[in-house]
Enquirer: 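First, the structure itself, so that you have it in front of you.
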Amino acid sequence: MVTAMMLTMSMTSVAFTAQEPLSEVPRTRLERLSTGANICRWFRWAADRPEEHFAEYISDEEMRVMRAIGLRHVRLCIHPEMIYNPERPTEPIAPMMAHIDRAIERFHRADLAVVLDLHNENQERLENDPVWREGFVQFWGALAKHYSTVNPEMLILEIINEPVFTGREGEWHALQERIVEVIRKHAPRHTIVVTGAGWGGIDGLERLPPLKDRNLVYSFHFYEPFPFTHQGATWSSPEVRVIRDIPYPSSPEAVAHLLSAIPDEGARAMVAFYGQQRWDRARMSARLNEAIEWGRRHRVPLYCGEFGVFPLVAPPESRAAWFTDFGSLLRESGVGWAIWGWDEGFGFGRRVVDGRVEFDTHVARSLGLREAP
Ligand code: BGC
């Protein structure tokens with residue numbers, strides 16, 4: 001009896017030790033990350049923007065609306081070249097930094113935390129240009145120093161958007177580890193968002209060995225099922241570019257009538273397979289659970305930093321159904337998120353009409369946000 005009790009006690013204590021969280025990210029920050037939206041077009045595509053764009057792209061009133069519908073943070077996407085010059089890696093480019101600092105300050109005043117996301121879209125230079133890559137490590141040191149005095153409850157640093165590194169994932173893992181160390185040296189209290197390779201998706205996350213640092217949030221992006229969320233996306237794979245009217249949920253019957261109209265063989269096979277896979281809420285839940293299980297196993301917090309459906313040729317009722325399903329799954333999961341995006345048709349598709357902010361209210365509803373401020 002005593003032996004059995006002692007055994008139970010010692011097992012409990014072993015179990016307890018094993019369950020100790022490996023994360024020290026304050027709960028308050030995870031709460032801030034619970035609901036958010038990407039700001040996609042403020043600090044991307046620099047060349048063709050007039051100066052006023054950088055100062056005024058989002059007004060104080062619009063920020064107020066974002067907060068009032070229930071958003072708690074923004075993921076501010078920044079093309080690295082706007083502030084990073086590989087020839088002077090430790091000197092972030094001052095005029096644009098001033099605009100970014102001002103944008104961050106204004107979001108903070110509107111009670112929106114900011115995830116500062118270096119939104120690299122040129123995989124080539126990150127993967128194959130050693131000068132760019134080494135400079136980028138140093139650059140992060142300078143950036144971390146610059147932001148070290150900003151309240152860490154309100155500013156979270158994301159190393160890079162969607163690294164790919166096909167067949168060389170170990171290189172990404174090592175590089176990411178180095179950048180975390182450099183940031184940590186200069187910004188000891190700030191939470192950092194890290195991610196796996198493979199476009200920052202769930203498969204890459206599952207192959208990522210958790211890092212030593214405990215003040216990290218692990219990101220994944222969710223654009224599944226891809227033929228549905230990216231139908232008609234001109235910048236994506238040749239197969240998805242040419243397909244349209246793809247329904248969700250999927251079944252062989254639901255896609256049968258589309259197949260004969262798809263001339264490209266690869267695209268046709270992809271859509272047929274999408275039908276066979278019978279994507280629905282249950283399948284989406286199983287996929288999301290892979291990420292959640294990984295997070296549980298490693299006892300680290302997760303962040304779904306992008307998700308959405310390209311609206312151009314997707315049937316509107318299918319797009320709405322996808323958001324209903326994924327929105328409810330996200331809410332049940334408790335994983336923090338940022339939709340792609342506030343100012344992108346994939347997500348809220350916000351428009352400012354006569355000074356009034358309009359956005360997709362079904363998307364807001366499905367994410368548990370208010371439809372009006
Ligand atoms: C890319 C965008 C793209 C979106 C959905 C983002 O990470 O940077 O260009 O529209 O993913 O594919």
Side-chain angles (χ1 to χ4, degrees), residues 36-49 57 73-84 114-127 136 156-166 172 176 193-205 217-244 246 248 267 270 274 284 287 291 302-314 319 322-323 326 330 336-350 360 363 367:
N38 279 272
I39 303 297
C40 309
R41 299 179 182 209
W42 196 341
F43 297 106
R44 286 167 73 216
W45 304 302
D48 50 357
R49 305 282 194 210
Y57 176 67
H73 80 281
V74 293
R75 180 173 180 259
L76 188 60
C77 305
I78 297 165
H79 262 176
E81 61 263 42
M82 288 203 174
I83 47 174
Y84 166 46
V114 174
V115 172
L116 187 83
D117 153 47
L118 287 191
H119 206 87
N120 180 46
E121 277 161 303
N122 180 339
Q123 304 307 329
E124 190 51 33
R125 62 191 179 187
L126 175 67
E127 296 187 16
F136 191 64
I156 290 174
L157 307 173
E158 178 162 350
I159 295 177
I160 209 156
N161 183 61
E162 298 189 349
V164 183
F165 287 86
T166 309
W172 165 245
Q176 175 158 258
V193 176
V194 295
T195 187
W199 303 99
I202 292 177
D203 295 337
L205 179 73
V217 169
Y218 289 75
S219 153
F220 64 94
H221 292 178
F222 196 98
Y223 286 113
E224 302 191 35
F226 199 69
F228 175 71
T229 66
H230 275 67
Q231 53 187 300
T234 48
W235 64 94
S236 195
S237 72
E239 291 83 16
V240 294
R241 256 175 246 173
V242 297
I243 58 174
R244 55 183 302 129
I246 308 298
Y248 170 88
M270 186 184 65
Y274 167 66
M284 197 128 81
R287 184 65 170 141
L302 299 175
Y303 174 58
C304 182
E306 283 188 20
F307 59 91
V309 179
F310 188 50
L312 190 63
V313 295
R319 185 173 178 275
W322 186 95
F323 268 105
F326 189 62
L330 263 185
W337 49 261
I339 187 174
W340 183 265
W342 173 250
D343 50 342
E344 261 283 343
F346 260 89
F348 281 110
R350 84 79 158 93
D360 188 325
V363 166
L367 292 166

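Whatever order the structure lists ligands and atoms in, that order sets their numbers, starting from 1. Hydrogens, waters and symmetry mates are skipped; everything else that's a heavy atom, side chains included, is used. Quantities reported herein were computed from a predicted structural model and do not represent experimental measurements. Index from 1, following the sequence.
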Enquirer: Could you check if a side-chain atom of F228 sits within less than 4.5 angstrom of a side-chain atom of V309, using non-hydrogen atoms only?
Expert: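 In contact.
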Enquirer: Any donor-acceptor pair under 3.5 Å linking the side chain of W322 with the backbone of G308?
Expert: no
Enquirer: Find all atoms of ligand 1 within a distance of less than 4.0 Å from any non-hydrogen atom belonging to E162, and give their numbers and elements.
Expert: 7 (O)
Enquirer: Against L118, only a single residue in N161, I83, I159 fulfils side chain to side chain contact (heavy atoms under 4.5 Å, CB included); can you say which?
Expert: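 Of the listed options, the one satisfying the test is I83.
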Enquirer: Can you pull out the closest protein heavy atom to atom 11 (O) of ligand 1? Residue, atom name and distance to 0.1 Å, please.
Expert: E306 OE1, 3.1 Å
Enquirer: Enumerate the atoms of ligand 1 whose separation from the nearest heavy atom of Y223 is less than 4.0 angstrom.
Expert: 4 (C), 5 (C), 11 (O)
Enquirer: Record the part of W340 in heavy-atom contact with ligand 1 below 4.0 Å; permitted values are side chain, backbone, both and neither.
Expert: side chain
Enquirer: Can you tell me which portion of H230 lies within the under-4.0 Å heavy-atom range of ligand 1? Options are side chain, backbone, both, or neither.
Expert: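 Within the 4.0 Å criterion, H230 contacts ligand 1 through side-chain atoms alone.
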Enquirer: Taking all atoms of both residues into account, what is the closest heavy-atom pair of H73 and Y303, and its distance?
Expert: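 Closest approach of H73 to Y303, heavy atoms only: NE2-OH, 2.8 Å.
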Enquirer: For atom 9 (O) of ligand 1, what is the nearest protein heavy atom, given as residue, atom name and distance?
Expert: E121 OE2, 3.0 Å
Enquirer: How far is atom 8 (O) of ligand 1 from its nearest protein heavy atom, and which residue and atom is that?
Expert: H119 NE2, 2.6 Å
Enquirer: So which bit of H79 gets within less than 4.0 Å of ligand 1, heavy atoms only: side chain, backbone, both or neither?
Expert: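 Answer for H79: neither.
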Enquirer: Would you find a donor on one side and an acceptor on the other, under 3.5 Å apart, between the side chain of N38 and the backbone of C77?
Expert: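 No.
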Enquirer: In this structure, does ligand 1 have an atom that sits under 4.0 Å from one of the heavy atoms of F346?
Expert: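 It does, in that a heavy atom of F346 comes within the 4.0 Å cut-off of ligand 1.
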Enquirer: So, E306 and R75, do they make that salt bridge, N to O below 4.0 Å?
Expert: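 Answer for the salt bridge query: yes.
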Enquirer: Considering only the protein, which heavy-atom contact is closest to atom 3 (C) of ligand 1, and what is its distance?
Expert: W235 NE1, 3.8 Å
Enquirer: Are R44 and D343 within salt-bridge range, i.e. N to O under 4.0 Å?
Expert: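 Judged by the 4.0 Å cut-off on N to carboxylate O distance, R44 and D343 do not form a salt bridge.
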